[in-house]
Amino acid sequence: MSQNGVAPHRGKVLTAETMNPNIRRVEYAVRGPIVQRAVEIEKELKEGVKKPFSEVIRANIGDAHAMGQRPITFLRQVLALCSYPELLSDKQFPEDAKQRARRILQGCGGGSIGAYSASQGLECVRQDVARYIEHRDGGIPSDPNNIYLSTGASDAIVTMLKLLVSGVGASRTGVLIPIPQYPLYSAALAELGAVQVGYYLNEESCWSLDTQELHRALSQARQHCQPRVLCIINPGNPTGQVQSRKCIEDVIRFAAEEKLFLMADEVYQDNVYAPGCEFHSFKKVLCEMGPKFSDTVELASFHSTSKCYMGECGFRGGYMEVLNLDPEVKAQLTKLVSVRLCPPVPGQALLDLVVNPPQQDEPSHAQFIKERSAVLLSLGERARLAEELLNAVPGISCNPVQGAMYCFPRITLPPRALQQAQSQGQAPDMFYCMRLLEETGICLVPGSGFGQREGTYHFRMTILPPTEKLKVLLSKLRDFHQRFTTEFS
Ligand SMILES: Cc1ncc(COP(=O)(O)O)c(C=O)c1O
């Protein structure tokens with residue numbers, strides 16, 4: 001009350017004008033307007049609204065379980081035991097699952113996964129992660145003290161960027177990211193007020209990365225910011241490419257020459273399908289290039305429980321390994337993660353099983369291998385199916401899906417469709433994807449949400465729908481594309 005007894009008019013403190021402007025600049029297409037409309041359509045279908053289709057087919061997000069993939073038995077058995085230790089006396093659970101659960105519980109405060117853990121993550125899990133990396137990289141040592149467990153890979157990526165971004169004006173940190181990119185990167189950079197520096201992947205040669213393009217992007221960026229970071233996604237999202245060893249070596253040489261901090265997003269490291277393609281970790285290649293590189297180039301690499309054969313994204317498990325980090329910065333990193341206490345302990349437990357799965361002489365080994373291989377084989381089949389059927393449609397061309405969980409085909413849109421999109425204030429591929437959703441129930445993400453060369457149009461589609469559903473999706477998409485092209489020709 002004011003002195004004269006009249007309540008002063010008081011607007012809201014937090015308004016669109018007063019809020020953090022960086023947040024307003026954040027965009028995340030994977031859950032953007034198309035997905036919001038898909039949710040509405042699902043509701044309308046439930047309410048009995050008549051549509052030319054009976055269900056929404058979601059191929060917009062890399063969420064394997066949401067698309068029907070079953071969890072790997074061993075992972076869930078150990079998680080069940082960790083969550084409810086009374087089950088440790090249940091004869092239904094195999095001995096190796098019980099051993100893993102006991103080890104994890106021993107590492108937890110009060111023997112419960114309900115307790116906070118150390119901020120860097122449970123020590124026993126970090127040890128297992130380090131052993132996993134050593135094994136993966138042919139014996140190159142990994143130090144558990146360089147491992148930070150995280151809330152999915154997203155959290156670790158953002159944490160690392162927070163440390164890297166500084167300066168104002170022309171000294172503001174520039175971060176090189178691929179175009180097309182996974183929009184976590186553009187969103188995090190917008191939020192942190194960093195300068196996004198895009199380098200284009202080469203669609204004509206299977207979304208490869210060439211260092212000439214890196215040089216171009218870097219020298220342009222140096223005119224207005226201070227590029228300090230180079231982000232790589234391998235295998236690629238949304239583009240599905242797997243980088244060759246030679247390419248990785250070139251990138252490392254480039255980072256060393258130009259003094260850039262490397263961030264290697266390797267969350268799809270088990271998702272490699274194409275013959276002749278192989279996953280090479282940046283850490284391994286860096287170490288094999290000799291001390292000139294392995295003692296100097298600063299690297300953070302990221303992995304996650306969300307992808308690969310397990311697809312356990314709801315558990316939010318992940319880790320980051322850092323190399324050649326300045327000890328003072330490392331202390332700051334440890335401080336920074338401690339502010340948020342710790343990543344979810346169930347996610348840490350799950351990560352432990354991913355990096356330390358059943359061994360050959362253990363009772364769960366055979367079933368584990370059977371389930372894991374079935375998922376990866378099926379993903380490989382769907383990758384080939386998507387590429388083949390998409391390329392059979394006139395006006396759509398798709399690079400081989402060498403890895404990850406997505407294809408990013410290019411679509412040819414008639415000029416009248418471009419005009420129509422413009423008149424509605426929409427990006428042409430948003431217009432296309434919205435029409436596709438309304439007419440067929442297929443939910444994809446427009447290429448514009450990931451970035452693409454000016455004048456080219458794409459969409460991102462996951463290969464996660466079960467094979468039969470994927471075939472239905474692809475045949476509906478073919479018919480739609482033909483109808484759309486005819487309508488606007
Ligand atoms: C390339 C890439 N990095 C990071 C993430 C985030 O994964 P997480 O669930 O571990 O946070 C994703 C998720 O789709 C991704 O595709």
Side-chain angles (χ1 to χ4, degrees), residues 28-32 35 58-67 69 75 121 125 129 147-162 175-189 191 201 207 209 229-243 262-272 279 281-282 300-321 337 340 343-344 346-351 354-355 379 383 401-408 444-445 447 449-451 460-464:
Y28 190 67
V30 175
R31 292 180 182 228
V35 183
R58 286 169 174 270
N60 61 297
I61 189 164
D63 185 347
H65 287 208
M67 293 312 299
Q69 185 179 309
L75 305 187
V125 181
V129 169
I147 309 290
Y148 289 77
L149 306 192
S150 59
T151 308
S154 312
D155 163 51
I157 292 167
V158 174
T159 298
M160 208 59 233
L161 286 170
K162 276 186 188 162
V175 180
L176 280 96
I177 62 168
I179 301 291
Q181 51 112 21
Y182 171 57
L184 164 69
Y185 289 90
S186 50
L189 298 182
E191 184 179 338
L201 301 174
W207 297 115
L209 193 179
V229 193
L230 170 55
C231 299
I232 308 284
I233 309 174
N234 178 51
N237 175 9
T239 35
Q241 84 286 13
V242 177
Q243 281 173 350
L262 270 175
M263 289 180 53
D265 183 333
E266 301 178 331
V267 301
Y268 297 101
Q269 56 191 264
D270 290 337
N271 298 106
V272 176
F279 170 74
S281 76
F282 265 75
S301 37
F302 307 91
H303 193 20
S304 166
T305 58
S306 299
K307 312 294 169 179
C308 298
Y309 61 91
M310 50 282 180
E312 295 274 17
C313 26
F315 278 94
R316 311 306 298 128
Y319 75 78
M320 148 171 87
E321 183 185 28
V337 296
R340 306 250 217 115
Q348 298 185 41
L350 188 78
L351 177 69
V354 170
V355 296
L379 282 171
V401 185
Q402 297 173 329
M405 296 175 166
Y406 317 92
C407 45
F408 198 66
L444 306 177
V445 189
F450 303 89
R460 188 189 77 168
M461 188 188 101
T462 74
I463 55 166
L464 294 175

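Hydrogens, waters and symmetry mates play no part in the numbers below; they use all other heavy atoms, side chains included. Everything numeric here is computed off the predicted structure, so don't read it as measured data. Both counts, for ligands and for their atoms, begin at 1 and track the order of listing.
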Which is it for Phe302 and ligand 1 at heavy atoms under 4.0 Å: side chain, backbone, both or neither?
neither
Given 3.5 Å as the limit, does a donor-acceptor pair link the side chain of Gln269 with the main chain of Phe279, or not?
no
Side chain, backbone, both or neither: which part of Ser306 comes within less than 4.0 Å of ligand 1 when only heavy atoms are counted?
side chain
Just so I know, are the side chains of Tyr148 and Thr159 near enough to count as touching, which here means a heavy-atom distance under 4.5 Å?
no
What atoms of ligand 1 come within less than 4.0 Å of a heavy atom belonging to Ser304?
8 (P), 10 (O)
With no hydrogens and no angle check, is any side-chain donor or acceptor of Gln69 less than 3.5 Å from a backbone partner on Tyr309?
yes
Heavy-atom pair of closest approach, residues Arg460 and Asn60:
NH2-O, 2.7 Å
Output the list of atoms in ligand 1 that are nearer than 4.0 Å to some heavy atom of Ile233, sorted by atom number.
1 (C)
Please answer whether the main-chain N or O of Met405 pairs with a side-chain N or O of Lys307 as donor and acceptor at a distance below 3.5 Å.
no
Does an N or O from Thr151, backbone or side chain, lie closer than 3.5 Å to an N or O of ligand 1?
no
Closest approach of any protein heavy atom to atom 6 (C) of ligand 1, naming residue and atom
Ser154 OG, 3.2 Å
Close approach, Lys307 and ligand 1, non-hydrogen under 4.0 angstrom:
yes
Backbone of Val242 reached by a side-chain donor or acceptor of Gln402 within 3.5 Å
yes
Those atoms of ligand 1 less than 4.0 Å from some heavy atom in Tyr268:
1 (C), 14 (O), 15 (C), 16 (O)
Work out which heavy atom in Tyr319 is nearest to a heavy atom in Leu149; give both atom names and the distance.
CB-CD2, 3.9 Å
Closest heavy-atom pair and its distance - Val401, Cys407:
CG2-CB, 3.6 Å
Under a 4.0 angstrom heavy-atom cut-off, which atoms of ligand 1 come close to Arg316?
8 (P), 9 (O), 11 (O)
Which protein non-hydrogen atom lies closest to atom 5 (C) of ligand 1, naming both residue and atom, and how far is it?
Tyr182 CE2, 3.5 Å
Heavy-atom contacts with Asp265 under 4.0 Å: which atoms of ligand 1 show up? List them by number with element.
1 (C), 2 (C), 3 (N), 4 (C)
